[in-house]
Each structure stands twice: as structure tokens, then as C-alpha cells.
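Notes to accompany the following structure.
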Number of protein chains: 4
Amino acid sequence: MRKAKTPHDPEKLQAILDTALRLFNKQGFDATPVPMIADQAKVGTGTIYRYFKNKEELVNSLFQRCKQRMQDAIFAGAEAHQNFEARFRHYCTGTLHFALEHPAEFAFLELHNHEPYLNAASRKIEDSLHGGLHRFLEEGRHAGELRNLPPTLVIALVLGAITGVFKDRHVSFKKAQVAAIVDACWVMVRAGA
Amino acid sequence: MRKAKTPHDPEKLQAILDTALRLFNKQGFDATPVPMIADQAKVGTGTIYRYFKNKEELVNSLFQRCKQRMQDAIFAGAEAHQNFEARFRHYCTGTLHFALEHPAEFAFLELHNHEPYLNAASRKIEDSLHGGLHRFLEEGRHAGELRNLPPTLVIALVLGAITGVFKDRHVSFKKAQVAAIVDACWVMVRAGA
Amino acid sequence: MRKAKTPHDPEKLQAILDTALRLFNKQGFDATPVPMIADQAKVGTGTIYRYFKNKEELVNSLFQRCKQRMQDAIFAGAEAHQNFEARFRHYCTGTLHFALEHPAEFAFLELHNHEPYLNAASRKIEDSLHGGLHRFLEEGRHAGELRNLPPTLVIALVLGAITGVFKDRHVSFKKAQVAAIVDACWVMVRAGA
Amino acid sequence: MRKAKTPHDPEKLQAILDTALRLFNKQGFDATPVPMIADQAKVGTGTIYRYFKNKEELVNSLFQRCKQRMQDAIFAGAEAHQNFEARFRHYCTGTLHFALEHPAEFAFLELHNHEPYLNAASRKIEDSLHGGLHRFLEEGRHAGELRNLPPTLVIALVLGAITGVFKDRHVSFKKAQVAAIVDACWVMVRAGA
DNA sequence: GATGAATGAGAATTCATTCAT
DNA sequence: TATGAATGAATTCTCATTCAT
């Protein structure tokens with residue numbers, strides 16, 4: 001009388017996800033054979049297929065977990081009563097801190113974003129982040145806080161800028177620079193320049 | 001006294017590169033078999049191996065060509081006598097125009113940037129772009145035109161912002177917005193905000 | 001002082017055999033995973049291996065049970081004092097009735113007959129049926145009741161004909177036709193046509 | 001400019017089909033790995049997949065070729081002006097001769113008939129044989145030549161009987177017995193016993 | 001030089017069987 | 001004793017690359 005179709009030894013699951021994240025980052029998705037993940041996660045090859053229907057479901061599950069954690073980190077601790085600028089800075093800072101504290105997760109999200117093997121569910125979770133930011137910026141725009149640009153464009157500019165900082169091979173990024181970057185982002189989008 | 005080691009039917013070469021670009025963008029590098037490229041480029045499979053040692057060399061060659069064309073487009077028409085801001089705007093505008101006019105090339109460069117199959121030569125060409133921008137920004141910084149940030153960071157922010165605009169699924173980007181985006185980039189980095 | 005080496009919950013055993021018969025008929029032997037049998041029989045996978053050494057022993061055991069039941073059905077109620085023709089008709093009728101009443105068992109025996117995974121024991125039980133019929137037909141032949149053909153050939157013809165009726169996808173066979181078929185079989189083999 | 005999607009080195013194709021037939025007969029379909037077929041056919045594994053989309057298409061193609069050859073053999077040389085009995089005997093004789101001359105093909109058709117991996121096309125070709133016989137027997141029935149049984153039943157009886165002769169492990173069948181078997185089949189189905 | 005059929009190494013996935021609980 | 005999660009050997013199939021034509 002099986003209850004759970006998906007078995008759950010949380011340690012094994014974690015070992016698989018951690019190993020997959022590391023290897024996908026290092027070698028890419030296609031260049032990483034499933035048995036190699038199994039080996040390094042210290043589980044049998046077949047075990048991976050008890051936790052994930054196939055390799056694609058593994059990478060999507062990984063993507064969604066990381067994305068969700070990042071979203072949670074970004075929005076955590078935001079105070080609704082704060083003024084727009086404060087909240088904007090809070091979100092930017094949260095994103096930068098997440099990237100600093102979870103570089104592998106952040107890199108994974110960036111490198112595998114828009115890959116053809118990501119499925120609808122993965123794209124949906126991304127849309128949810130976008131939706132939240134969109135509403136936030138729409139609010140700021142109506143309040144006259146923002147430069148007169150479509151919110152989607154603003155999101156793309158800011159996220160792009162922040163992402164760029166981490167993706168660029170030449171930048172060695174440090175915590176001390178977070179404030180300066182957040183500042184740059186704010187002046188980029190605020191009204192009345 | 002020709003060497004004639006490598007064949008040179010420029011039309012065939014172009015057909016191969018065009019087809020590869022299209023298929024890599026649509027399906028990804030690993031999901032695109034060499035025979036499929038050959039088919040759609042209307043050449044024999046073996047022919048591709050006369051122009052490129054292997055699949056990796058093909059993708060790298062493609063990457064380098066695209067990157068080079070983008071660099072040329074960015075720096076083309078820049079006048080040394082213009083002031084810093086004008087040149088900054090010129091470069092940003094050039095990048096955005098290139099992306100608008102060559103969306104496939106631009107997408108390819110973004111999607112395949114940092115992939116493990118890119119080789120040293122591909123990374124080197126990227127470095128050269130970076131070097132040029134670095135010198136330019138260093139100059140602006142000394143002249144007190146720039147916010148007090150390391151030039152590498154500025155490059156990452158600006159390129160990231162511009163790239164973000166094109167990578168974001170939600171943005172439908174139009175030529176009319178170029179000026180606004182360039183403006184946002186300039187205020188982000190200029191001194192004395 | 002029980003041995004208790006092999007477990008004996010007859011209900012579980014029956015559930016396993018019934019489920020295996022059903023699934024082997026529907027999907028074939030190789031296409032039926034042992035865990036699927038366990039699932040549908042509502043027992044643990046490992047339990048099957050307490051009743052049968054391996055998958056092959058399971059299918060052979062099933063085969064032998066079915067074959068034995070069919071033999072018993074065929075020979076049941078035959079009266080030694082009846083004349084040859086009556087007994088011949090009795091056996092044919094018995095076979096047809098068994099097939100009508102136990103279509104799954106009969107189909108299983110036909111579909112899996114001669115499969116490479118059947119072992120010596122399974123072939124032996126078939127030989128015993130053949131031996132019985134052989135003796136019977138030899139007797140009829142000596143009594144001048146039969147067409148001048150080797151008994152093995154007669155057995156093959158009659159069993160083949162009866163089997164053919166059930167295997168053919170186009171025939172929808174009914175009880176009312178039993179007598180006619182038995183008749184056809186009898187004229188096929190009787191002497192003095 | 002490829003003409004044929006399916007390549008055709010007829011010798012290779014034949015080697016693959018011959019080897020597959022032999023191994024499927026000896027070991028069964030599922031127990032025969034594709035590389036084993038390739039090995040013994042002296043071709044590369046990949047080559048098989050140039051001639052057949054997958055293993056299932058191979059076995060179906062094989063089935064259809066064999067079935068077609070058998071049908072052709074059965075109906076070859078039948079004279080429309082002959083009387084019903086003569087044609088009936090002709091078809092039975094043709095079937096028996098085909099089985100004697102092509103035992104491997106005949107065994108393959110019998111052993112793999114009704115297997116779950118046979119597709120619609122394979123079943124259709126079988127139906128066409130059945131249809132031809134059906135029309136022939138319907139004619140004989142109207143002419144009062146046949147025992148009062150549905151033609152489908154007659155087909156099943158006769159084909160079953162003939163098949164039984166070859167499938168039975170105990171029968172060593174010889175050409176000299178063909179006439180006697182055909183005779184038995186005829187008396188089984190003719191009118192007015 | 002150009003071709004594309006052939007190849008076989010390597011990848012994803014399945015499933016019979018085991019064994020710790 | 002019964003279980004079913006875990007395993008890894010074995011299988012199907014793909015595709016980068018070669019080479020005879």
C-alpha cells in the first residue's frame with residue numbers, strides 16, 4: 001500500500017541535487033552524463049530515476065528550487081510601509097546578497113535560463129517573479145517615482161545590470177560594493193534625472 | 001603559389017555558418033546534429049569537416065565572427081574628438097542598434113557566452129572588447145566624468161543592462177526606445193548624481 | 001514439525017499467479033516488469049521472490065499449472081468402456097469447453113508455447129499430454145478406426161485445428177458451434193473416407 | 001540532394017533481415033539485442049538504424065516480408081477455371097510446400113504472430129490473406145461444396161491444422177505426407193460427410 | 001574536392017533482483 | 001516473514017566523425 005509515488009530519502013535527494021548543480025555548472029547539462037551524477041552523489045544510477053522521471057525533470061526541478069529560493073531571498077524582509085526607494089533598494093540588495101551567498105545557485109540560474117530543456121513549469125516560476133516586480137514598479141511609476149519607461153523594460157535593465165556583474169569574468173565582486181551598485185541601479189531608474 | 005589546404009567556396013561557408021547559427025539558436029548546440037546542419041545548408045556532411053576540424057571549431061568560429069562583427073559595429077564611426085559622454089552614448093547606441101539589426105547574432109552571442117565548449121580564442125576576442133571599453137572608461141574616470149566605480153564593474157553593469165533588455169522574454173523592444181535606454185545607462189554611470 | 005522453507009499464503013500465491021497471467025497475456029512476458037505484477041497483486045516486490053526463484057520460474061510455474069488444468073479438464077469424465085469415436089469426441093469437446101470456460105488460461109498456453117523461456121519441466125508436462133493422446137490414437141489406429149496417418153500427425157492436426165479456432169482474430173467462437181467443430185475433426189481423422 | 005531517405009545496399013539489408021530472422025527464431029524478439037544482430041550481420045550497430053527506425057520497425061518489416069512471400073507462394077499458379085476442390089487442394093498444398101521450403105520464415109510467422117510489438121500494417125497484411133480465403137470459401141459454400149460452417153471458422157480450422165503440423169515438436173514432417181494432409185483437410189471441410 | 005553511408009563509442013533509461021528494515 | 005527502495009548491468013538508440021567513391 002504505497003503512499004508516496006516519489007520516495008524520499010531527503011539526504012539522497014539533496015546529494016543528487018547538489019551534485020547535479022555542481023556538474024551542470026562546470027560542464028553544462030548535455031555534457032554531464034547521469035551516471036556521473038550518480039557516482040559523485042554516491043547513489044546508484046537507477047536511484048536518480050526513482051527521484052526524477054528523467055534527466056530533463058532533474059534539471060527542471062533543480063531550476064525551480066533555485067529560482068524559488070532566490071525569490072524568497074529577494075522578497076524576504078520587505079516592509080510594506082517603507083517608501084518606494086527603500087523597497088527598490090531592498091530588492092536589489094537582496095538579489096546581490098543572494099548571489100554572493102549562493103554563487104553556484106545564481107550561476108546555475110543564469111547559465112541555464114532560456115535553455116531549450118526548461119519546461120513550462122520552470123518558465124512559469126520565472127513569470128511569477130516578473131509579475132511581482134512588475135506590480136511593484138507599476139506602483140512606483142504611478143507615484144511618479146520612476147523614469148518614464150515601461151516597467152518590463154526597467155526590470156530587464158536592473159536585473160540585467162545586476163546579473164552582468166556576476167556573469168562577467170573580469171569582475172571580482174565583493175560585498176563592499178553592494179551599496180554602490182544598488183545606488184547605480186536606483187539612479188538609473190528614478191524619475192527626474 | 002596558392003596553399004589551397006583549406007577549401008574556399010565562400011557561399012558554402014556562409015550557408016554552413018548561417019544554418020548553424022539558426023539551428024544553434026533554435027535548438028541549442030548539443031541538440032543540433034552536424035548532419036542536420038549539412039542537410040539544411042545543402043552541403044554534404046563531410047564538407048563541413050573540410051571547413052572546420054570538428055563541431056566545436058564550427059561553433060567557436062561562428063562565435064568569433066559574430067563577436068567581431070558586433071565589436072566593429074559598436075566602435076564604428078566613433079570620433080576621437082567627441083567628448084566622453086557623446087562617445088559613451090555612441091557605444092551604447094551602437095550596441096543596441098546591432099542587436100536590433102542582427103537579432104540572431106546577438107542572441108547567439110548571449111546564449112552561448114560562457115558555454116564550456118567555447119575555447120581560448122573565443123574568450124580572447126571577448127577580452128579585446130573588454131580591453132577597449134576598459135581603456136575608454138578609465139579615461140572618463142580620470143576626467144571625473146564617471147561615478148567612482150571600477151571600470152570593469154561599470155562595463156558589467158552597462159552591458160548587462162543592455163543585454164537584459166534583449167534576453168527578457170517579456171520585453172518587446174523597439175527602436176524608439178533606444179534613446180531612453182542609452183539615457184538610463186548614462187545616468188547610471190556618470191559622476192555627481 | 002513443518003519445514004516452512006517456502007511460504008504458503010495461498011491467497012497471495014493465487015493473486016500473484018492471476019495477475020501475472022493477466023499481464024503476460026496483455027503485454028507479453030518481457031514487457032511485464034516484476035514490480036508491476038507485485039503492485040497489481042497487492043504484494044511487495046520481494047514477496048514474489050519468496051514464492052518463485054525468479055521471473056522465469058514464475059512463468060514456468062504458471063504455464064505448468066494451466067497446462068495441467070487443461071489436461072485434467074480434457075480427460076475428466078472419459079469412460080474407458082466407450083467406443084473410440086465417442087472418446088475421441090469427448091476429448092475434443094473437453095478441449096473446446098476448457099477454452100471457452102478458461103479463455104485466459106487457454107490463450108496463455110497458446111501464446112507462450114514454444115517460447116525460449118519455458119524450461120524442461122514445462123516441456124515435459126506437454127509431453128505427458130501428448131503421450132496420453134498418442135496411446136489413445138495408436139489404439140484407434142490398430143482397431144482400424146483411423147485414417148492411415150502417424151498418430152503424432154493426427155494429434156498435431158486436431159490440436160492445431162482446435163487451437164486455430166481460438167487464435168484467429170476473426171472468429172467469434174460460440175458454444176453452439178462446438179458440436180460442428182468436433183464433427184469436422186472426427187471426419188478429418190476417421191478411416192474410410 | 002538526397003533522393004532516397006532509406007539507403008539501399010541490398011546486400012546489407014538482406015544480411016540484417018536474415019540474421020534478425022535467425023536470432024528472433026532462436027532466442028525470441030526481446031532476448032535479441034540489436035548489437036548482436038549487427039555483429040552477426042557484419043554491419044555496424046548504427047547501420048541497422050539507417051535501414052529501420054527502431055527495433056520494432058525491423059521486426060514488423062521482417063514479418064510483412066515473410067507474410068507476403070507466403071501469400072504469394074500460396075496463391076501462385078492457381079487456375080481460376082479449376083473446380084473448387086482442386087483449388088482448395090492447391091492452396092493447402094502451396095502452404096505446406098512453403099512451410100517445407102522456408103521453415104525459418106514459416107516458424108517466424110507462427111511464433112511472432114499476435115505478439116504485442118506487431119503494428120497495424122502487419123495485422124493488415126494478415127487480414128488481406130484472410131480476406132482472399134474468405135471470398136474463396138464463400139464461393140464454395142454457395143456452390144454447396146462446403147460443410148455448413150462459417151468461412152472464418154473453416155479458415156481457422158484448416159490453417160490451424162496445417163500450422164499445428166509444423167509447430168508440433170513431435171512431428172517430423174516430410175514431403176511425402178503432404179498429399180495425405182491435404183486430403184485430411186479436404187474431408188474436414190467438404191459438404192455431405 | 002565533395003559527398004553521405006557507415007560506423008561504434010557513448011548516452012539515457014529500464015528492470016530483475018537484493019537486502020536492510 | 002514481508003516489504004519496497006536501491007542498485008547497476010544490460011539495452012536501445014544517437015550522432016560526431018571517417019573514408020570509399
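Chain naming here is simple, since letters A, B, ... match the order of the sequence lines and numbering starts at 1 in each. Every value quoted in this text rests on a predicted model; they were computed, and no experiment measured them.
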Check your understanding: In this structure, which one of A/Arg22, A/Gln40, A/Gln27 forms a side-chain hydrogen bond (donor to acceptor under 3.5 Å, both in side chains) with A/Thr32?
Key ->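 Option passing the side-chain hydrogen bond (donor to acceptor under 3.5 Å, both in side chains) with A/Thr32: A/Gln27.
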Whole Å only: how far is the [atom1] atom of [X] from the [atom2] atom of [N]?
| X | N | atom1 | atom2 | answer |
| --- | --- | --- | --- | --- |
| A/Phe52 | F/dA6 | CZ | C1' | 15 Å |
| B/Met36 | F/dT14 | CE | P | 12 Å |
| C/Gln27 | E/dC15 | CD | P | 10 Å |
| B/Ile16 | E/dA2 | CD1 | P | 9 Å |
| D/Leu58 | F/dC13 | CG | P | 10 Å |
| C/Ile48 | E/dC15 | CD1 | C1' | 13 Å |
| C/Leu13 | F/dT1 | CG | P | 16 Å |
| A/Tyr117 | E/dA12 | OH | P | 13 Å |

Review point. Do the rings of C/Phe24 and C/Phe108 sit parallel, tilted or perpendicular, given the 30° and 60° boundaries?
Key: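 Because their plane-to-plane angle is under 30°, the rings of C/Phe24 and C/Phe108 count as parallel.
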Check your understanding: 5'-most contact on DNA chain E: C/Glu56 or A/Asp30, nearest heavy atom basis?
Key ->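 Closest to the 5' end, via its nearest nucleotide, is A/Asp30.
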Point to revise | Upstream residue (5' side of DNA chain E) when D/Gly46 and A/Asn54 are each assigned their closest nucleotide | key: D/Gly46
Among [options], which nucleotide has an atom closest to any side-chain atom of [X]?
| X | options | value |
| --- | --- | --- |
| D/Val43 | F/dT7, F/dT12, E/dT7 | E/dT7 |
| A/Pro35 | E/dT3, E/dA12, F/dG4 | E/dA12 |
| C/Pro33 | F/dA6, E/dC15, F/dT3 | E/dC15 |
| A/Thr45 | E/dT13, F/dT18, F/dT3 | E/dT13 |
| B/Tyr51 | E/dA2, F/dT11, F/dG4 | E/dA2 |
| A/Lys12 | F/dA6, E/dA16, F/dT3 | F/dA6 |
| C/Tyr49 | F/dA16, E/dT17, F/dA6 | E/dT17 |
| D/Lys55 | F/dT3, F/dT12, E/dT3 | F/dT12 |

Practice item. Give the intermediate values and the outcome of side-chain contact (heavy atoms from CB on, under 4.5 Å) for residues D/Val59 and D/Phe52. Key: CA-CA 9 Å; D/Val59 76; D/Phe52 304 97; over 6 Å; no
Check your understanding: Starting at the 5' end of DNA chain F, which residue's closest nucleotide do you reach first, D/Lys53 or C/Lys42?
Key ->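 In this pair, the answer is C/Lys42.
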Review point. Is the cationic atom of D/Lys55 (NZ for Lys, CZ for Arg) positioned less than 6.0 Å from the six-membered ring centroid of D/Tyr117 and within 45 degrees of its normal?
Key: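 No, cation not above the ring by the 6.0 Å, 45° rule.
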Exercise for review: For F/dT3, take OP1 and OP2 only and decide whether either is under 4.0 Å from a side-chain N or O of C/Thr47.
Suggested key: yes
Check your understanding: In Watson-Crick or G-U wobble terms, both distances under 3.5 Å, what is the partner of F/dA20?
Key ->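 F/dA20 is paired with E/dT3.
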Review point. In Å and rounded to the nearest 0.5 Å, what is the CG to CD distance from A/Leu109 to A/Glu105?
Key: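 So the gap between those two atoms works out to 8.0 Å.
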Check your understanding: Where do A/Pro33 and A/Ala31 come nearest, in terms of heavy atoms and distance?
Key ->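 Result for this residue pair: CD-O, 3.3 Å.
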